Colleague: 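Just passing along the structure, written as structure tokens.
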There are 2 protein chains.
Amino acid sequence: MTSHPESASCPTSEKPYHHGDLRRQILDEAARLLREEGEAGLSMRKLAQNLGVSRTAPYHHFADKQALLCGIAEEGFRHLREVVRTPPYIEGAEISEAAVRVFVRRYVQFSIDNAEYYELMFGARLWKSQQLTESLTVEAHNAFKVYIEQIRVWQQSIRNPNIDPLRFAQVSWSTLHGMSRLLIDGIYLDATAINVMSDTAAKMFWQQLCPPSQVAS
Amino acid sequence: MTSHPESASCPTSEKPYHHGDLRRQILDEAARLLREEGEAGLSMRKLAQNLGVSRTAPYHHFADKQALLCGIAEEGFRHLREVVRTPPYIEGAEISEAAVRVFVRRYVQFSIDNAEYYELMFGARLWKSQQLTESLTVEAHNAFKVYIEQIRVWQQSIRNPNIDPLRFAQVSWSTLHGMSRLLIDGIYLDATAINVMSDTAAKMFWQQLCPPSQVAS
DNA sequence: CAAGCAATCTTGACACTGTCTATATTGAAC
DNA sequence: GTTCAATATAGACAGTGTCAAGATTGCTTG
């Protein structure tokens, strides 16, 4: 641990001019502020003050507030990909209604557990600004690609040619996203109903993927 | 038209101290600013300046910015109720997949055509603030009640006892809301796919309401 | 018609915000 | 050891929401 005394990990020094780990701490503190006080409670100045640096110090790590928010959202996407892409679903060996149910529950749970990230990841604040970080757009597109791939695997596993994977991905993701937002934004208040709603959605998806009886037209 | 010359419709007078129609104009100009410049472009001061009144004049019609936003959202809900509740759907005489399709398209179209209202009506900005106007909460609850009623009528018309109206309302509304938000927030960019997505969603709803063959378990 | 009152509008002020500029300090490279 | 780029700093400016105190008006009541 302490084998590299000349490294930046020396918290005992009074107040080193160079903070050393500021970027990381900015991202963490910003997420904390968002979670605890909402978007209105996050300001660059308060952020700096809470970390004990000057007001303009964060601007050496993020071009502006927008770039900081992009940075937070980016971390959120990396996190989301991990959560959604957990085996065995991507392998698609044994697709079933239960598997879909787990998938839905996981997505919704992620959005609730990481509400402050989710709001940035899919909020107009970033996407309508035309000022997205390049790394963020890459990360976001990757996430959607993984989702479509998941749908495609399900479809092939079931051999249902009536499903257009892209369309089904768009609509099913809309459902997940809609549920998440309604819960996060405080419109659906009954938190105990989350699982029931998730299962209802999963059942709806499953009936689309694998209808009880094939109908020609 | 001009039969009441002593009414407040006298625009030729230079600059009457009492504006006369300020509240209405504030709501309109605020919606215009939101639509054209986004939420960041709406400020109480700019609003006042554009209308040619002092900075604090709007505060005599709205307690604070939050109350103004509530006022805009309220108008949005009234508008939404009109759009969704158009006959013959609430009567439910002839429910069909086509009717569901029209319903879905209408909802999504409303959200796109009135994006600046929709964002406020269903945004965290208002709902998580714990400072909702009372008239707004009433209006919003009414909207959801109408929606559930719609679902109930459909269900009874179809005689499918397997559907829990509340659950189905929650999930289907999530889908509509999710699609709307993804489009409004600029995440789903391909505007030409809106109708295809809407119809895919309608088909999914219809298959839930009226499955091809009843399955016991 | 006069007086008064409540609604409406105004200016002034305060604390806060994002962000630009110019300056200072530092760790590392040559 | 000098130089340089990265990093930190204070100062300043325009913009924000909103409170307090005063000015102007139209309606109401006598």
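These values consider heavy atoms only, across backbone and side chains, with no hydrogens, waters or symmetry-generated copies. Chain A is the first sequence line, chain B the second, and so forth, proteins listed ahead of strands; every chain is numbered from 1. From a predicted model like this one, the values you see are computed outputs, not experimental measurements.
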Colleague: Roughly how many Å is it from CZ in B:Arg125 to P in D:dG17, rounded to a whole number?
Modeller: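 These atoms are roughly 9 Å apart.
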Colleague: Decide yes or no for A:Pro58 and A:His61: does some side-chain heavy atom of the first lie under 4.5 Å from some side-chain heavy atom of the second?
Modeller: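 They are not in side-chain contact.
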Colleague: Picking from D:dA8, C:dA13, C:dG18, which would you name as closest to the side chain of A:Leu22?
Modeller: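 Closest nucleotide among those given: D:dA8.
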Colleague: Pick the nucleotide of DNA chain D nearest each of A:Ser54 and A:Arg45; which residue has the one closer to the 5' end?
Modeller: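 Final value for this comparison: A:Ser54.
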Colleague: Would you state whether a donor and an acceptor, one from the side chain of B:His60 and one from the base of C:dA7, lie under 3.5 Å apart?
Modeller: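 Flag unset: no donor-acceptor pair detected.
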Colleague: Between D:dA21 atom P and B:Tyr59 atom OH, what is the distance in whole Å?
Modeller: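 Value for this atom pair: 18 Å.
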Colleague: What is the distance, to the nearest angstrom, from the NZ atom on B:Lys65 to the C1' atom on C:dT17?
Modeller: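 After rounding, the gap between these two atoms is 12 Å.
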Colleague: Between C:dA6 atom P and B:His61 atom NE2, what is the distance in whole Å?
Modeller: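 My rounded result for the distance is 18 Å.
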Colleague: One thing to verify: whether A:Glu119 and A:Arg125 come together as a salt bridge, which I'm taking to mean a side-chain N less than 4.0 angstrom from a carboxylate O.
Modeller: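 Judged by the 4.0 Å cut-off on N to carboxylate O distance, A:Arg125 and A:Glu119 do not form a salt bridge.
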Colleague: Expressed in angstrom and rounded to an integer, what is the separation of A:Lys46 atom NZ from D:dT16 atom P?
Modeller: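 That distance rounds to 20 Å.
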Colleague: Tell me: CZ of A:Phe62 to P of D:dT7, nearest whole Å?
Modeller: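 Checked: the CZ to P distance equals 12 Å.
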Colleague: Does a donor on one side chain sit under 3.5 Å from an acceptor on the other, for A:Tyr147 and A:Ser172?
Modeller: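 On atom types as modelled, these side chains qualify, holding a pair under 3.5 Å.
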Colleague: Would you kindly compare B:Met44 and A:Arg55 by the position of their nearest DNA chain D nucleotide and give the one closer to the 5′ end?
Modeller: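 It is A:Arg55, whose closest nucleotide lies nearer the 5' terminus.
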Colleague: Take the protein atom CD of B:Gln49 and the nucleotide atom C1' of C:dT11, then report the distance between them rounded to whole Å.
Modeller: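 Going from CD in B:Gln49 over to C1' in C:dT11 covers 15 Å.
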Colleague: Is there a donor in the side chain of B:His79 and an acceptor in the side chain of B:Tyr118, or the other way round, less than 3.5 Å apart?
Modeller: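 Absent: no donor and acceptor within the cut-off.
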Colleague: Using whole Å, what does the distance between atom C1' of nucleotide D:dT18 and atom CG of B:Leu68 come to?
Modeller: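 B:Leu68 atom CG is separated from D:dT18 atom C1' by 14 Å.
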Colleague: Taking donor-acceptor contacts at under 3.5 Å, does the side chain of B:Thr56 reach the base of C:dT11?
Modeller: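 When only heavy-atom distances are counted, B:Thr56 does reach the base of C:dT11 through a donor-acceptor pair under 3.5 Å.
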